[in-house]
Amino acid sequence: MQDQYNHKNIEPAVQKMWEDNKSFEVTEDPDKEKYYCLSMFPYPSGKLHMGHVRNYTIGDVISRFQRMQGKNVLQPMGWDAFGLPAENAAIKNNVPPAKWTDENVAEMGAQLKTMGFAYDWSRELATCKPDYYRWEQWFFLKLFEKGLVYRKKATVNWDPVDNTVLANEQVVDGRGWRSGAIVEQREIDQWFLKITAYADELLEDVRKLENWPQQVRTMQENWIGRSEGVELEFGLENSEETLSVFTTRPDTLMGVSYLAVAPQHPLATRAAVENPELTDFIEECKNMKATEAEMATMEKKGFATGIYATHPITGESIPIWVANFVLMSYGSGAVMAVPAHDERDWDFAQTYGLPIKQVITSTCESVANNININEGAFTEKGVLIDSGDFTGLTSEEALDSIAEFLQEAKKGRKTINYRLRDWGVSRQRYWGCPIPIIYCDDCGAVAVPDEDLPVELPTDVVFDESGSSPIKQMPEFYETSCPKCGKAATRETDTFDTFFESSWYYARFTGPDNDKSMLDERADYWLPVDQYVGGIEHAVLHLLYARFFNKLMRDEGLIECDEPFTNLLTQGMVLADTYYIDGESGGQEWIAPKDVTVERNEKGKVVKITDDKGREVQTDGMSKMSKSKNNGVDPAELIEKYGADTLRVFSMFAAPPDQSMEWSDSGVEGANRFIKRLWRQVYIHAETNPNKDFDLDLDNLTDSQQEIRHKVYATLTKVTDDMSRRYTFNTAIAANMELINDLSKFKDDGEQAQAIRHEALEKIVLMLSPIMPHVAQELWVSLGNEGTVMDEPWPEIDETALEQSKIQMMIQLNGKLRGKVDVDVNADDATVEALAMENENVKRFLEDATVRKVIVVKGRLVNIVAN
RNA sequence: GCCGGUGUGGCGGAAUUGGUAGACGCGCUGGAUUCAAAAUCCUGUUCCCUCUGGGAGUGUCGGUUCGAUUCCGACCACCGGCACCA
């Protein structure tokens, strides 16, 4: 064993051993409990960043810990390889997207391997390969057969100069990113998946996701946005037509004082024909910003249409307004307004002097007496007043009877509305999976026959300046014949949204080599994923689509489980300090953290920061690592300098996994020092006791020897809980540091002491091996063991070592700490109380006070209440 | 605006069930080692005071309790998300 830790002598060798032994390749083993741990696969951008390092270290630590628990652990890795950046690179560097992607995969794969993650690389997949995407083409056609897929017109961003469709991120301030032309909205035919058919189940099953962060569950629920209510018809005066509105509060129907329609509503359009002012107002609404915060605070504006409706029950005449707060895309694009019982309607009524009629009062008399409808809306449910035949009913009763009344009058019905829209999966981009459809003039949209799958995306393509999809100009791709009638036909040139690929990759990892079917029986062995780890930015779309796909695959008979991910861990962002110098012409010059020197005062507070040219630098606090703030840190450089284990220890130690983590260079050095200290202790121990068999005589230990053993097993107890239940790897590391500090103060050199030290060091190496697997392997061997440390079982807790004869108890006086006392572990309350009273400091305080009460909390403290 | 989260030393964070606030690490102080430095090791490090001890202290103000970082109420700040959803 070398006396100094040097990662370069260890990491490549250990990684080679894992590779040679195929240590992480797994197969289905019915005798072992399976554990499927998955980290969200990366887009192959070319370089690993710290976000990846953190994400994948968390997944790897969990996987390795579960392996030591004796489980059959699957941890795969692959590439979310389709997407826009490859097209951008193609235009910029004149390299085909496929080539660019392949090169990036190779480079990032090599970087991932230097981190020592326990991946089963034999299952590696890339979504841009035909052997992967052919199955989603197949699956799409299954859904097509079932009627879960349909085609309809939808809006796209159209660049009129480049004559191409733009993705949202290619639109900058309303202009095409390359041409600078003002982007137009165009309606074109696109494919949709009926996710709304699964809205109820997707919502209902959120309840099953007990081990998902509450935040993510709420976001999913809100996104689906189910609301129960009544759809009802208002007749239009002097017309046979009706106007349909949706309400969740039919109990307030008798308080309606106006109706409001969205600016895009046909009724609004019609009313505007003869009314230039209304036309202007509708135009104005189109230009409104649509960010939620602005929407919520913006002024409620409206314009009377001059059209009147009739109340479905009273027949009263009710004005119809156009209002900027009504959304065409929700419900029927029209609402009934009850100013007395809805805040927004109240604000609007106040602004435009519309009547406010109270029809609900509180069931609680004191509340009811305080309602002043002229001061604000009363939005709670209660009892109906002034509501004709419905007066006296509670809101709940009224809800049903009004709905019934409307139903009978054929003027309304109970309905459920969702915010969730069907998923548009067509993209007019090149670098994606071709949609397997052929258009025939006679037969319409026809599925590509099974035997013709996959429809392969041509990879040898040249991009022109416009950035439009090359396959749209490739007759050899799109010219084909109709599978039904044989006539000349055209192939679909749109590709799938890349969320399509990422919606089922977790399942494909269970059998990526299957070229006969999408999935097989192996899927039911491994699924569902036991632990999914990834960024919170996927809280809604990716996770919802994956849940949707899981249910689709289940209903297709491909898998059995209802939900894909049992446990979800959303890791926090990686932040770093930002430094800048004010530029001469305004703006900031951002200085990389590695180029600054920080001066501190004697309290450790920062007093001055300078850059490498000696200029004084300002700090803008911590923010997410990004190019724009030049505060990124390259993992490759750190692996080279400190090794993967140091990087792994630091990223797990700096913060709990779900919180944001602040990058710190000195923190990394601290992690490195910690490994060195442990190395040094093992080295000295191994040198002192070469090839020794230790014989521990548990019955004849000194107090300090017993204390160390107690500490070892107390640490093991805590670390086991931290790693398995709490996922607080930071405290697991801290507990080991504490133990190592204690051990270094344990100066006993006797036979028994050496045996105890040996036991302690072995346990430390085992406990830390999931976090720093390379150095743990080396230390394991240095301690005289053979084989691989990661295949050792997680250590058992020695209960006898945890037993103590004496414990320390706190003495409090009126809740303030006044002393400590060592007592026998079995001492009864009276004994403890007596000991506490004998404490010198306590006596002093009690001199001129009377004891009122004594509280003894077993094993913890004595509190003497006196005054 | 609504929903969710967070607020603890100079900094990251710990305190898991209402029971020693500040574990562990960073930074800083002093020392050992060294010709010197780096590295390493040791010491101290919440603030204040009349210092064998005492007082204050976990965003602010109140409350419950023998005892509150932890529970309750009101407020403030920051972060994240969003849907003016009828």
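Below, chains carry the letters A, B, ... as their sequence lines are ordered, and counting in each starts from 1.
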Ignoring the backbone of [X], work out which of [options] is nearest its side chain.
X: A:V335; options: B:rG12, B:rC82, B:rA86; answer: B:rA86
X: A:L327; options: B:rA21, B:rA86, B:rU40; answer: B:rA86
X: A:W223; options: B:rC82, B:rC26, B:rC41; answer: B:rC82
X: A:T731; options: B:rC26, B:rG19, B:rA14; answer: B:rA14
X: A:V865; options: B:rG54, B:rA14, B:rC66; answer: B:rC66
X: A:R726; options: B:rC26, B:rA86, B:rA15; answer: B:rA15
X: A:A734; options: B:rA23, B:rC3, B:rG25; answer: B:rA23
X: A:F653; options: B:rG12, B:rU16, B:rU20; answer: B:rG12
X: A:N863; options: B:rC82, B:rC24, B:rC66; answer: B:rC66
X: A:K820; options: B:rC24, B:rA14, B:rU20; answer: B:rU20

Under a 3.5 Å cut-off for both contacts, is [N] paired Watson-Crick or G-U wobble with anything, and if yes, with which nucleotide?
N: B:rC47; result: B:rG55
N: B:rC41; result: B:rG31
N: B:rG73; result: B:rC61

Expressed as a whole number of Å, how far does the [atom1] atom of [N] sit from that of [M]?
N: B:rC71; M: B:rG5; atom1: P; value: 12 Å
N: B:rU45; M: B:rG30; atom1: C1'; value: 11 Å
N: B:rU69; M: B:rG59; atom1: P; value: 9 Å
N: B:rC48; M: B:rU43; atom1: P; value: 24 Å
N: B:rA32; M: B:rG80; atom1: P; value: 49 Å
N: B:rA14; M: B:rU65; atom1: C1'; value: 25 Å
N: B:rA68; M: B:rC85; atom1: P; value: 43 Å
N: B:rU17; M: B:rG81; atom1: P; value: 29 Å

Is the A:Y258-A:F348 ring centre distance short of 6.0 angstrom? yes
What about the rings of A:W423 and A:Y545, do their centers lie closer together than 6.0 Å? yes
Spacing of A:D665 atom CG relative to B:rG12 atom P, expressed in whole Å: 16 Å
Roughly, in whole Å, what's the span from NZ in A:K718 to C1' in B:rU16? 7 Å
Counting any heavy atom closer than 4.0 Å, what does [X] reach on the DNA or RNA strands: base, sugar-phosphate only, or nothing?
X: A:R852; answer: nothing
X: A:V326; answer: base
X: A:N730; answer: sugar-phosphate
X: A:M810; answer: base
X: A:G225; answer: nothing
X: A:R818; answer: sugar-phosphate
X: A:R677; answer: sugar-phosphate
X: A:F650; answer: nothing
X: A:N741; answer: sugar-phosphate

Side chain of [X], backbone of [Y]: donor and acceptor closer than 3.5 Å?
X: A:H538; Y: A:L543; answer: no
X: A:T578; Y: A:D620; answer: yes
X: A:R54; Y: A:Q571; answer: no

Below 4.5 Å, heavy atoms only, C-beta onward: do A:M767 and A:L716 meet side chain to side chain? yes
Contact between A:M254 and A:L384 at the side-chain level, heavy atoms closer than 4.5 Å - yes or no? no
Nearest heavy atom decides the nucleotide; on that basis, is A:V857 or A:V606 closer to the 5' end of RNA chain B? A:V606
Can you work out whether A:I864 or A:Q215 has the more 5'-proximal nearest nucleotide on RNA chain B? A:I864
Is B:rG9 in the syn range, within 90° of 0, or in the anti range? syn
Please determine whether a side-chain nitrogen or oxygen atom of A:K816 lies at a distance below 4.0 Å from atom OP1 or OP2 of B:rA56. yes
